[in-house]
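Computed from a prediction, not measured in an experiment: that's the story for all the values here.
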Amino acid sequence: MFDGKRRTVVVVGAQWGDEGKGKLVDVLAERADWVVRYQGGANAGHTVHIGEKSFVLHQVPSGILHPGVRCAIGNGVVLDVETLFAEIDELVADGIDVAGRLYVSDRAHLVLPYHKLVDGQSSASREIGTTGRGIGPAYEDKYGRRGVRVLDLRRPDSLAKLVARGVEHANSQLSKSGGEKRASAADTLAVLEKFTPRLLPLAEDVGLRLHKAITGGAAVLLEGAQGSLLDIDHGTYPFVTSSSTTSGGAATGVGIAARRLDAVIGVVKAYTTRVGNGPLPTELEEPLATEVRTLGNEYGATTGRPRRCGWFDGVVVRYAARVNGLTDLAVTKLDVLDTLDRIGLCTGYEADGELYEEFPGDLGILENATPRYEWYDGWRSSTADAREISHLPGEARRYLDRIEALVETPISYVSVGTRRDQIIGV
């Protein structure tokens, strides 16, 4: 993937998240100099399997598992310091050398204890089905100009004023929600005081570092969280996350110019999943939904919640290709379909007497949509040992060819298992 013309590469989810971005980033990071996370928070969970060991990374970029690769958390991320250092300590305990390899943007906003309190009491959060990690309230404070950034930890006097303001706002929201819990400025400052000595040495102007690295010819991999259909602007609003998950968010989320992006890889499952509420037009009925969920181990890496499963939605992924400017597609979990007799592929929706071949923004259309399917014979044989596209069964190749044509984006990678080596470069 990295060559003379493609040195800065973005990896985005092209469905509703959980597509397997962590594994692809892990594979690509072997040839990268930098891996940088550009949005989201500890509500994301990237799972990487190395041998018999599994690593679930919530905030630290997946590239940390490769010795010598530098990793950074960009300004577009909302940072939970307690979770961050728990994750770092677990990596160190597992023998991963983190020292001197991890940087945090000093412009990144912090997820504070009162954000989690507000999230836990919010009826809107429960309706949408958020993770309850305080991500939404932290982004609200960011855009409400009352957020606390990493660089604020350098000035204790002004930090205390910022925290007091944030606590006051949080308590007004908690009061309106009818709950009895209240936030405490003293408790919040105590948490920050505990972690400041560890966090400030990591704080950097990440945008400047990346600018210099890219100018010097470094290979830079930008890693997103969640998926394109959860983007605050382009997703299935209001059932979305609170940040820009698409490739446009990559440049602003790390502090570099959009023209420095050379390639955008969209990661998709060979079927579709989503966690929480909101439309999923191709959702499977029982007992097939449970069968696919079991075959794919479809449970959230962060929350453990069961994922809703559906057939591959070509309308969704073609839309994601357009809004992200995808140059490549990576298809994961093809092996999950190995035992199925027949496989559906959605090419359009019918709603209110009309055919929709492009993804509509109106939730009312999506909620009433009937998918139009093409049906493919299953291959009924294992793909787990395939390491070249020619090793796949003919039925699997035909299925992938149709996805490529429908999405109008070339497939560059196919994953056929959870292990690091179970991937085909096309």
Side-chain angles (χ1 to χ4, degrees), residues 9-25 38-40 44 46 76 222-253 258 261-276 278-283 307-334 345-349 356-363 365-366 369 371-372 399-400 402-415:
V9 177
V10 185
V11 172
V12 300
Q15 294 163 317
W16 277 279
D18 307 308
E19 300 97 345
K21 297 180 292 297
K23 177 182 177 178
L24 182 66
V25 169
Y38 64 82
Q39 51 76 221
H46 288 178
L222 305 181
E223 175 184 21
Q226 289 94 32
S228 299
L229 275 294
L230 294 175
D231 185 276
I232 187 68
D233 288 298
H234 304 294
T236 48
Y237 188 90
F239 299 99
V240 293
T241 193
S242 302
S243 59
S244 179
T245 62
T246 46
S247 62
T252 57
L261 307 180
D262 300 321
V264 183
I265 306 175
V267 185
V268 295
K269 284 177 181 166
Y271 49 102
T272 308
T273 63
R274 90 172 285 170
V275 172
L280 182 62
T282 65
E283 188 163 11
R307 296 174 185 141
R308 297 157 60 195
C309 298
W311 293 123
F312 187 92
D313 192 328
V315 182
V316 160
V317 181
R318 187 168 61 245
Y319 170 68
R322 172 165 61 86
V323 297
N324 286 292
L326 296 185
T327 58
D328 302 81
L329 208 62
V331 179
T332 67
K333 291 199 167 186
L334 182 69
L345 194 158
C346 174
T347 61
Y349 310 138
Y356 294 85
E357 294 183 332
E358 300 296 338
F359 191 76
D362 188 340
L363 236 62
I365 294 173
L366 291 172
R372 174 178 285 188
Y399 179 64
L400 292 172
R402 181 58 177 137
I403 287 176
E404 190 174 67
L406 188 61
V407 178
E408 300 174 347
T409 306
I411 295 174
S412 296
Y413 299 94
V414 179
S415 176

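- Inter-residue side-chain proximity for Thr252 and Ser244 is flagged as unmet; no heavy-atom pair is nearer than 4.5 Å.
- The two residues Leu229 and Ala14 make their nearest non-hydrogen contact at CD2-O, 4.2 Å.
- Within the 4.5 Å cutoff, no side-chain heavy atoms of Gln15 are placed close to those of Thr273.
- Contact detail for Asp18 and Val275: the closest heavy-atom pair is OD2-CG2, 3.6 Å.
- How far CD of Glu19 is from OG of Ser228: 7.0 Å, rounded to the nearest 0.5 Å.
- With values rounded to the nearest 0.5 angstrom, Lys269 atom NZ is found 11.0 Å from Ser415 atom OG.
- Val316 places a side-chain heavy atom less than 4.5 Å from the side chain of Phe359.
- Formation of a donor-acceptor pair under 3.5 Å by the Arg372 side chain with backbone atoms of Tyr356 is not found in this model.
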### Message
Quick one, Leu345 with Ile403, criterion side-chain contact (heavy atoms from CB on, under 4.5 Å). Give me CA distance, side-chain angles, the key distance, then yes/no.
### Response
CA-CA 8 Å; Leu345 194 158; Ile403 287 176; 3.6 Å; yes

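- Between Arg318 atom CZ and Glu357 atom CD the span is 6.5 Å, to the nearest 0.5 Å.
- Thr272 meets the side chain to side chain donor-acceptor pair (under 3.5 Å) test with no other residue; sequence neighbours excluded.
- Nearest heavy atom pair, residue Ser247 against residue Val12, reads N-CG1, 4.0 Å.
- Across Ala270 and Leu334, no two heavy atoms sit closer than the pair CB-CA, 3.9 Å.
- For the atom pair CG (Leu326) and OG1 (Thr246), the distance works out to 10.5 Å, reported to the nearest 0.5 Å.
- By the 4.5 Å heavy-atom criterion applied to side chains, Val11 and Glu223 are not counted as neighbours.
- Listed by chain and number, the residues in a salt bridge (Lys or Arg N to Asp or Glu O under 4.0 Å) with Arg402 are Glu374 (sequence neighbours excluded).
- Under the 4.5 Å side-chain criterion, counting only non-hydrogen atoms from C-beta, Tyr319 is in contact with His234.
- Between Val317 and the choices Val331, Thr409, Leu406, Leu329, the side chain to side chain contact (heavy atoms under 4.5 Å, CB included) rule is met once, by Leu329.
- The distance from atom CD1 of Ile265 to atom CG of Leu222, rounded to the nearest 0.5 Å, is 11.0 Å.
- Side-chain contact between Phe239 and Leu363 is present, with heavy atoms from C-beta onward closer than 4.5 Å.
- Under the 4.5 Å side-chain criterion, counting only non-hydrogen atoms from C-beta, Val240 is not in contact with Gln226.
- Judged by distance alone, the side chain of Arg308 and the main-chain N or O of Gly276 form a donor-acceptor pair under 3.5 Å.
- The shortest distance between side-chain heavy atoms of Pro281 and Asp313 falls below 4.5 Å.
- Under a 3.5 Å cut-off, the side chain of Glu404 and the backbone N or O of Ile411 do form a donor-acceptor pair.
- Side-chain atoms of Thr332 and Lys23 form no donor-acceptor pair, as typed in the model, at a separation below 3.5 Å.
- Listed by chain and number, the residues in a side chain to side chain donor-acceptor pair (under 3.5 Å) with Glu408 amount to none (sequence neighbours excluded).
- For the atom pair CG of Asp231 and OG1 of Thr236, the computed distance is 10.0 Å after rounding to the nearest 0.5 Å.
- Across all their heavy atoms, Phe312 and Val268 have their closest contact at CE1-CG2, 4.0 Å.
- Residues Tyr349 and Pro360 approach most closely at CE1-CD, 4.0 Å, considering heavy atoms.
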